[in-house]
Amino acid sequence: MNKYGFFDDDKKEYVIKRPDTPLPWINYIGCENYFGIISNTAGGYSFYRDARLRRITRYRYNNVPVDTGGRYIYIKDGNVIWNPGWKPTCTVLDHYSCRHGLGYSIISGKKNGLKAEVTYFVPLGEDMEIWDVFLVNDTDVDKKITIFSFVEFCLWDAMDDANNLQRNLNTGEVEIENETIFHKTEYRERRNHYAYFACSHKINGFDTSRDAFIGKYNGFGNPVAVIKGKCTNSIANGWYPVGVHQVNIVLKPGENEKLHFILGYIENKEEEKFSGPNVINKKSFYARIENYKKSESVKKALEELKNYWDDMLGRYRVEAENEHVRRMVNIWNQYQCMVTFNLSRSASFYESGIGRGMGFRDSNQDLLGIIHMVPERSRQRILDIAGVQLSDGSCYHQYQPLTRKGNKDVGAGFNDDPLWFIVSTCAYIKETADYSILDEIIGYSDRPDSKSTLLDHLFISINYTLKNLGPHNLPLIGHADWNDCLNLNCFSKKPGESFQTYGDREGGVAESLMIAGLFLYACNELIKLLQQIKLGSKIEGLKENYKLMKKSVENYGWDGQWFIRAYDYYGDKVGSRECSEGKIFVEPQGWCIMGGAGIENKMARKALDSVEKYLATPDGIILNYPPYSKYYLNLGEISSYPPGYKENGGIFCHNNPWISISETIMGNGDKAFDYYLRICPSTKEEIIDKYRCEPYCYAQMIAGPDAAVHGEAKNSWLTGTAAWSFVNISQAILGIKPDYNGLLIDPCIPVEWKEYKVFRLFRGIRYNITVRNAGGAGKKVKSLMVNGKLLKGNLVPFSKKDKEVEVIVQLGN
C-alpha cells in the first residue's frame with residue numbers, strides 16, 4: 001500500500017484515496033467502438049473509434065495544471081461549490097475516493113454531510129457513456145442543492161479543432177430538445193454523425209455556450225453560472241459549444257437520489273439525416289435513450305460489463321504464492337493488454353490521438369497478449385493489418401482505425417514491420433487452429449484490386465527482408481527498425497524535422513542485428529506453420545535462409561561479449577566495444593537469442609551476462625550503455641534525448657521481457673523472474689513518489705541511472721510492454737505455450753517455487769494445470785499426467801472430445 005491508494009484484488013479495482021496523485025492516474029472506459037480516458041479527478045476525453053477523426057469531447061494537452069477539462073459534476077450546496085472528483089474547483093473534501101475498475105471508474109466525494117458518487121462506464125454494445133450519479137444526505141437537515149453537469153464538445157477532428165480557429169469559431173451548432181443537448185457542428189453539410197448529452201431527470205436549465213456558463217474571464221474552477229446557481233439557457237452559435245444540465249434537488253435527512261447523464265454518438269444514413277429543415281433526425285437516439293434513463297437498466301448494464309471482464313480474465317488465471325504474479329496476470333496485465341489492443345498507441349494522456357493512429361508493428365505485437373481472450377477480434381485485426389501492406393512487402397507504419405487506410409504522413413520503410421506480421425499470424429493459428437485465415441483474400445494497399453491470400457502476405461513479408469540485405473548479409477534497417485529513434489539513414493540537421501519521416505538518404509549500407517534476430521525467429525515460426533499445412537516445397541528454402549542469416553549474425557554480429565546493434569550508413573559498427581558511447585544495446589541480445597543464434601557456442605550466455613553487467617538496474621534494464629552525451633548525426637533521434645531518458649540510456653520497458661524470455665531459453669528461471677519483477681508496476685508501491693505513474697499498468701519508459709530522477713516513469717498504458725510481459729510470464733516463465741497440436745508445457749521458474757496452478761481456456765476447452773517443483777529443478781518436465789494418464793514428452797495434445805482436462809506436471813531431470 002502507498003499513501004495514494006491500494007489494490008482491491010477481490011473487486012478487481014485500484015482504490016485511490018487522495019486526488020493529488022503524482023501524475024493523473026487514468027483508466028479507460030469502452031471496449032468496442034466508443035472509448036474514453038478518465039483520470040482519478042474525472043479528467044480526460046471521449047471518442048468514437050478514432051481519437052483524432054471522431055473526437056467527441058475536447059482536451060487540452062500541455063495545460064496547467066496538466067489534467068484540465070473532463071467529465072465534471074459541479075455541486076452547489078449553499079455557498080459551497082465542489083466536485084466529487086475534487087477538480088476543477090479543488091474544494092477541500094471531507095472524503096474522496098476513486099475506484100478504477102475494469103472498464104469503469106467510480107469517483108466519490110463527500111462535503112458537509114452530502115455524499116456524491118459517480119460511476120462512469122460504457123455499456124456493452126452501445127456508443128455512449130453513462131455517468132451514474134448517486135447522492136446521499138447524511139445530515140439531519142434538508143439539503144437544497146443544485147447539480148451542474150459539464151462537457152466541452154470537440155469539433156470532431158481533434159487536430160483541426162486545435163488550430164483552425166478562423167473556421168471553427170464560426171461553425172458550432174447545437175439543438176436542445178427536452179433534457180438533451182445535441183452537438184451537430186458540421187452536421188448540416190458533410191457529416192452525418194452527431195453527439196448528444198442527455199439527463200435522466202427533468203432539468204431546471206441548460207447552457208450550450210461556454211462563455212455563458214464559465215464566463216469570459218473565469219475558468220473551469222469557478223464557472224459563473226455555478227456561482228450564480230443558475231444556467232442561462234444559452235444556445236451556442238459558433239464559438240465554443242458545451243453541454244451543461246442544471247438539476248435542482250431537495251434531499252431530506254437520510255434521503256438519497258439517483259440521476260444519470262448520458263453522453264453518446266450516433267450516425268444517420270445520408271438519406272435519413274434530417275426530420276425537418278436543418279433538424280437532426282433523432283429516431284435512433286430516442287430508440288435507445290429511454291432505456292438508459294432507468295436506474296435498473298443502468299445497474300444491469302454495469303453488471304453485464306463486469307461479467308464481460310470476468311469472462312475475459314477467466315480465460316487465463318494463475319494461482320501462485322507471489323502476489324504480484326496473481327495480481328498482474330489475473331487482472332491488470334491482461335486488462336492493459338486489451339486496452340492496448342483496442343487503441344494501439346493512439347490515445348492516452350501521452351499519445352494525444354492526433355499525431356498517429358494504429359501502429360503496424362505495435363498492433364501485431366499487441367495481438368500476442370489478447371488472442372486467448374478475443375480470438376474472433378484477433379482474426380479481424382490481422383486481416384486489417386494485412387490491408388495496409390504494400391505489394392513489395394513493406395508496410396505503412398501506421399493506419400487510421402476509422403478508415404483502415406495507411407497513414408501516408410508517417411510513411412513506410414521501417415524494415416522490421418513485415419516480420420511482425422508473421423509472428424502475430426502464427427500465434428493466432430496456434431491459439432485457434434484456424435488455418436482458414438490463410439486463404440482469406442486481402443489486397444495490397446497500393447494494389448487494392450490484387451487477389452493475394454493472407455499466406456501470400458506472409459511469404460512477401462519474409463521475402464522483403466531477403467531482398468533487402470546489406471554487405472554482411474544482414475537486413476538493411478531502412479528508415480528504422482523496432483527502435484524508431486535509431487535513424488541511421490536520416491542525417492537530420494534542421495530543427496523541427498520529424499525523425500520519423502525525414503531522411504532515408506540513398507547509398508548507405510545500414511544493417512540491423514535486431515531485425516536479423518527477428519528474422520530468425522519469424523523464419524522459424526513460418527517453417528513450423530508450413531509443416532502443419534504440408535507446404536514442403538517452401539520449407540527447404542526457408543531453412544537454408546535461416547542457416548545463412550544465423551551464420552551472418554554469429555560471424556558479423558558478435559562483438560566478443562555481446563551482439564552489436566547495427567552497422568551504420570557508412571558500414572561502421574553501432575553498439576560495439578569499438579564505440580566511444582553506446583557500446584552495448586539490449587535489443588540484439590534478446591532477439592538474436594530468441595531467434596536461436598549463439599546458443600550452442602555460448603555466445604548467448606555471454607551476451608546475457610553482459611546485459612546483467614552493463615544494462616541491468618534495480619528498476620529495469622536500460623536500452624544502451626553508456627548513453628550518448630551529444631547529438632550524433634549518423635544515429636539520429638536516439639542521441640537527441642538527454643542521457644537516461646527514453647531510448648538513450650532509459651529503461652525502455654518494452655524490451656525488458658525479451659531478455660527475461662532469453663534467460664528462460666538458457667534455463668535460468670531465477671534471473672528471468674527477477675527481470676520480470678524489476679519493471680512490474682505493482683512492485684513500485686513503496687517508491688511511488690519517485691515512480692509517479694500508475695502502479696497498476698506498465699509504463700513505456702522508466703528513467704535510467706544517468707537521468708536526473710532515476711526510476712521515474714513516463715508514458716503509461718499504451719506500450720508493447722503489456723503484451724510482451726504477459727507472454728513472458730504466461731508462456732516463458734509459467735511455461736504454458738499454445739502450439740499447433742495442443743499445449744506445450746515448458747516452465748522455467750525460480751527454483752524455490754514449490755507449486756502453482758494455471759487455469760486456461762484453449763480452443764473452447766478448460767485446462768486445469770498443476771505444476772509441481774518438489775525437487776527444486778525449476779525447469780524440464782519430468783512427468784506429464786493428463787486426465788490420469790501418463791504421457792511422454794511435454795505436449796498436452798488437443799482433443800475436441802475433452803470437455804475439461806486435468807494436467808499434473810512434475811519438474812526435474
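- Under the 4.5 Å side-chain criterion, counting only non-hydrogen atoms from C-beta, C98 is not in contact with V15.
- With salt bridges taken as basic N to acidic carboxylate O contacts below 4.0 Å, none links D142 and K252.
- Side chains of D67 and T41 form a contact here, defined as non-hydrogen atoms less than 4.5 Å apart.
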Could you please spell out the steps behind the side-chain contact (heavy atoms from CB on, under 4.5 Å) verdict for F213 and Y74? CA-CA 12 Å; F213 176 70; Y74 296 88; 4.1 Å; yes
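- Counting all heavy atoms, side chain and backbone alike, C199 lies closest to K293 at O-CE, 3.5 Å.
- In this structure, the ring of F285 has its center no less than 6.0 angstrom from the ring center of Y194.
- The cationic atom of K282 (NZ for Lys, CZ for Arg) lies less than 6.0 Å from the six-membered ring centre of F182 and within 45° of the ring axis.
- Residues D132 and K299 are not paired through a salt bridge, judged by the lack of any N-O separation under 4.0 Å between the basic side chain and the carboxylate.
- Looking only at atom types and distance, the side chain of E255 has no donor-acceptor partner in the side chain of N137 under 3.5 Å away.
- Figure legend: cation-pi geometry between R58 and F153 absent, as NZ or CZ is not positioned both under 6.0 Å from the six-membered ring centre and within 45° of its axis.
- Note on D20 versus R18: salt bridge recorded, some NZ/NE/NH1/NH2 to OD/OE distance being below 4.0 Å.
- Checked by atom type, the side-chain pair S46/E129 shows a donor-acceptor distance below 3.5 Å.
- Residues W131 and F197 place their aromatic rings such that the two centres sit under 6.0 Å apart.
- Between I26 and I38, the closest side-chain pair of non-hydrogen atoms is not below 4.5 Å.
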Could you walk me through whether Y196 and M128 pass side-chain contact (heavy atoms from CB on, under 4.5 Å), step by step? CA-CA 9 Å; Y196 60 86; M128 64 170 70; 3.4 Å; yes
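- Side-chain contact of H183 with E175: a donor-acceptor pair under 3.5 Å is absent, judged by distance alone.
- The six-membered or imidazole ring of F261 lies away from that of H201, with a centre-to-centre distance of 6.0 Å or more.
- Atom OG in S682 sits 5.5 Å away from atom CE in M328 (nearest 0.5 Å).
- The backbone N or O of P241 sits nowhere less than 3.5 Å from a side-chain atom of T208 that would complete a donor-acceptor pair.
- Ion pairing of E152 with R60 is present here, as a side-chain N (NZ or NE/NH1/NH2) and a carboxylate O approach within less than 4.0 Å.
- Counting non-hydrogen atoms of neighbouring residues, nucleotides and ligands closer than 6.0 angstrom, the CG atom of N178 exceeds 12 such neighbours.
- Note on D366 versus R345: salt bridge recorded, some NZ/NE/NH1/NH2 to OD/OE distance being below 4.0 Å.
- Between E13 atom CD and N27 atom CG the span is 10.0 Å, to the nearest 0.5 Å.
- Minimum interatomic distance between I130 and P123 (heavy atoms only, all atoms of both residues): CD1-CG, 3.6 Å.
- Between E694 and P681, the shortest heavy-atom contact is O-CB, 4.2 Å.
- Judged by distance alone, the side chains of S108 and H95 never bring a donor and an acceptor atom under 3.5 Å apart.
- Classified by interplanar angle (parallel below 30°, tilted 30° to 60°, perpendicular above 60°), the ring pair Y48/Y265 is parallel.
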Show, in sequence, the C-alpha distance, side-chain angles and deciding distance for D310 and K12, and conclude whether the salt bridge (charged side-chain N to carboxylate O under 4.0 Å, His left out) test is met. CA-CA 9 Å; D310 284 344; K12 300 184 180 71; 3.2 Å; yes
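- Between K111 and D77 there is no salt bridge, since no side-chain nitrogen of the basic residue lies less than 4.0 Å from a carboxylate oxygen of the acidic one.
- For the residue pair N168/N164, the side-chain donor-acceptor check at 3.5 Å is not satisfied.
- With no hydrogens or angles considered, no side-chain donor-acceptor pair links Y350 and Q700 at under 3.5 Å.
- Side chains of Q380 and D384: a donor on one and an acceptor on the other come within 3.5 Å.
- Both the sub-6.0 Å distance and the 45° axial angle are satisfied by K306 relative to the ring of Y104.
- Rounded to the nearest 0.5 angstrom, W156 CH2 and T185 OG1 are separated by 8.0 Å.
- There is a side-chain donor-acceptor pair under 3.5 Å between Y286 and E177.
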D9 and R327: CA distance, side-chain angles, deciding distance, salt bridge (charged side-chain N to carboxylate O under 4.0 Å, His left out) verdict: CA-CA 7 Å; D9 294 332; R327 180 171 292 149; 2.9 Å; yes
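- Atom CZ of R326 has more than 12 neighbouring heavy atoms from other residues, nucleotides or ligands inside a 6.0 Å radius.
- Contacts of E189 classified as salt bridge (charged side-chain N to carboxylate O under 4.0 Å, His left out), with partners at least two apart in sequence or in another chain: R167.
- Between S209 and N237 the shortest side-chain heavy-atom distance does not fall below 4.5 Å.
- Closest approach of I249 and L135 over heavy atoms only: CD1-CD1, 3.7 Å.
- For the atom pair E304 CD and F121 CZ, the distance stands at 9.0 Å (nearest 0.5 Å).
- Between atom NZ of residue K143 and atom CG of residue D138 there is a gap of 9.5 Å, rounded to the nearest 0.5 Å.
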List the steps and the verdict of side-chain contact (heavy atoms from CB on, under 4.5 Å) for M373 and M312. CA-CA 6 Å; M373 288 191 279; M312 287 293 103; 4.0 Å; yes
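- Between N268 and F274, the closest side-chain pair of non-hydrogen atoms is not below 4.5 Å.
- To the nearest 0.5 Å, atom CZ of residue F726 and atom OG1 of residue T340 are 13.0 Å apart.
- A donor and an acceptor atom, one from each side chain of T232 and D207, are located under 3.5 Å apart.
- Between Y696 and the options Y14, Y335, Y28, a ring pair (Phe, Tyr, Trp, His ring centres under 6.0 Å) holds for only Y14.
- Judged by distance alone, the side chains of T89 and N222 never bring a donor and an acceptor atom under 3.5 Å apart.
- A donor-acceptor distance shorter than 3.5 angstrom exists from the side chain of S200 to the backbone of H260, with no hydrogens or angles considered.
- Cation-pi contact between K273 and Y187: present, with separation from the ring centre below 6.0 Å and deviation from the ring axis of at most 45°.
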Checking side-chain hydrogen bond (donor to acceptor under 3.5 Å, both in side chains) for the pair H372/Q334: CA distance, chi angles, key distance, verdict? CA-CA 10 Å; H372 68 288; Q334 291 194 76; 2.8 Å; yes
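- E126 is not listed as a side-chain neighbour of Y34, based on a closest heavy-atom distance of 4.5 Å or more.
- Aromatic rings from F148 and F150 are positioned such that their centres are separated by 6.0 Å or more.
- With respect to K283 and E272, no salt bridge is recorded, no charged nitrogen being found less than 4.0 Å from a carboxylate O.
- Taking all atoms of both residues into account, the shortest heavy-atom contact from I56 to A195 is CG2-CB, 4.1 Å.
- For the residue pair S346/S344, the side-chain donor-acceptor check at 3.5 Å is not satisfied.
- No hydrogens or angles considered: a donor-acceptor pair under 3.5 Å links the side chains of R377 and N342.
- Judged by distance alone, with hydrogens and angles left aside, the side-chain atoms of Y72 form a donor-acceptor pair with the main-chain N or O of G69 at under 3.5 Å.
- The pair D161-R55 does not count as a salt bridge, with every side-chain nitrogen at least 4.0 angstrom from each carboxylate oxygen.
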